[in-house]
Amino acid sequence: MWATIGASLPVGATGTVNVDVAIFINNVIKSQGGYNRFSIIGSGVRIYHTVAITTMQEFPAGTHTIDLRTGLAEGTSVPGLTIGGAASDINPGEMTIQVLY
């Protein structure tokens, strides 16, 4: 599994925000290798940041739900933070899953 998402702060934003990104499998966070946190430090100019997660998981036979979730973590809330967004501006979030059997 490979997942990525972007975030940005607008012009004029200052302060630090922490963003969590996680892969959930059947509504439970993947315990090993399925989580990443990144910080964006506003310096008054527009800031972009992208984070990726690469991990593997064995599954029993059957149907499974796999999704990418993200949100503001601990830290200062900076107005104008955008997580995901338009593909022409900020990576909206994507996941690639390769099935080997």
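Positions are given from 1 along the sequence. Everything numeric in this text was worked out from a predicted model, so none of it was measured.
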Over all atoms of both residues, closest heavy-atom pair of [X] and [Y]:
| X | Y | value |
| --- | --- | --- |
| Ala22 | Ile29 | CB-CD1, 3.6 Å |
| Thr82 | Gly84 | CG2-O, 3.4 Å |
| Asn36 | Ala52 | ND2-O, 3.4 Å |
| Ala13 | Pro79 | CB-O, 4.3 Å |
| Gly80 | Pro10 | O-CD, 3.3 Å |

With sequence neighbours left out, which residue pairs that include part of [range] fulfil the salt bridge (Lys or Arg N to Asp or Glu O under 4.0 Å) condition?
| range | value |
| --- | --- |
| residues 7-16 | none |
| residues 46-55 | Arg46-Asp89 |
| residues 60-72 | Asp67-Arg69 |
| residues 1-16 | none |

For residues 55-63, please give each side-chain donor-acceptor pair under 3.5 Å, one per line with the distance, not counting sequence neighbours.
{"unit_1": "Thr55", "atom_1": "OG1", "unit_2": "Lys30", "atom_2": "NZ", "d": "3.4"}
{"unit_1": "Thr55", "atom_1": "OG1", "unit_2": "Gln32", "atom_2": "O", "d": "3.4"}
{"unit_1": "Gln57", "atom_1": "OE1", "unit_2": "Lys30", "atom_2": "NZ", "d": "3.2"}

Which residues share a ring-ring contact (aromatic ring centres under 6.0 Å, His included) with Phe38, sequence neighbours left out | His49

Please lay out, stage by stage, how Thr16 and Ile40 fare under the test side chain to side chain contact (heavy atoms under 4.5 Å, CB included).
-> CA-CA 6 Å; Thr16 301; Ile40 303 175; over 6 Å; no

For [X], what residues pass the side chain to side chain donor-acceptor pair (under 3.5 Å) criterion, not counting sequence neighbours?
| X | value |
| --- | --- |
| Thr70 | none |
| Asp20 | Tyr35, Arg37 |
| Ser39 | Asn18 |

Say whether Leu68 and Phe24 are linked into one hydrophobic cluster, either directly or through other cluster members, by side-chain heavy-atom distances under 4.5 angstrom.
-> no

Spell out, yes or no, whether Val45 and Leu81 are grouped together once hydrophobic residues are joined by side-chain heavy atoms under 4.5 Å, including indirect joins.
-> yes

Distance, nearest 0.5 Å, that separates OG1 of Thr4 from CD1 of Ile53 | 9.0 Å

Interatomic spacing from NE2 in His64 to CG in Asn26 - rounded to 0.5 Å = 6.0 Å

Should [X] and [Y] count as side-chain neighbours, where that means a heavy-atom distance under 4.5 Å?
| X | Y | answer |
| --- | --- | --- |
| Val17 | Leu72 | yes |
| Ile83 | Ile5 | yes |
| Ile66 | Ile23 | yes |

Contacts of Thr54 meeting side-chain contact (heavy atoms from CB on, under 4.5 Å) (sequence neighbours excluded), chain-then-number -> Trp2

Tell me, please, which residues at least two apart from Val28 pass side-chain contact (heavy atoms from CB on, under 4.5 Å).
-> none

